[in-house]
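Written below as structure tokens is the structure these notes are about.
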Amino acid sequence: MIQNVLFNIPTDWGIQIFYFYTGNGKSQSGLDISPGLTRLIDTFPNRIILTTIPPAIVKSNHKPKQLWTTEWIWDNMLLSNNATDDNQNVLTFTGNGAICS
């Protein structure tokens with residue numbers, strides 16, 4: 001899915017992945033469970049950014065959709081280096097969607 005998005009957005013856009021560490025051995029820094037994602041990040045280090053969601057934010061928002069309503073998410077969202085105050089757009093996608101060109 002991330003590769004689909006990466007290859008269907010402009011090359012000067014990046015992808016920021018928000019994730020949370022479960023602490024139960026399933027994920028270390030969000031990468032151990034996905035060798036493909038690790039390779040993609042190694043190939044495009046300037047276009048894929050990982051951001052850990054603090055445990056307090058995860059605990060207070062029991063459903064993933066609720067995270068979009070938190071100020072923390074929007075304050076920690078990285079914008080393009082080319083963005084101006086009048087040109088700050090965010091494209092969001094989830095695992096059950098696709099971007100086609």
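Side-chain atoms are counted along with the backbone in the values below, which use heavy atoms only and exclude waters and symmetry mates.
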How close do Leu6 and Ile48 get, heavy atom to heavy atom, and via which atoms? CD2-CD1, 4.3 Å
Closest heavy-atom contact between Thr52 and Trp72? O-CH2, 3.4 Å
From Ile17 CD1 over to Leu40 CG, what is the distance, rounded to the nearest 0.5 angstrom? 8.0 Å
Return the CD1 to CD distance between Ile57 and Glu71, rounded to the nearest 0.5 Å. 9.5 Å
Using modelled atom types and a 3.5 Å cut-off, is there a donor and acceptor pairing between side-chain atoms of Arg47 and backbone atoms of Trp13? yes
So, Trp68 side chain and Trp74 main chain: donor-acceptor pair closer than 3.5 Å or not? no
Student check: side-chain heavy atoms of Phe18 and Ile73 closer than 4.5 Å: yes
Taking side chain as C-beta onward, heavy atoms only, is Ile53 less than 4.5 Å from Thr70? no
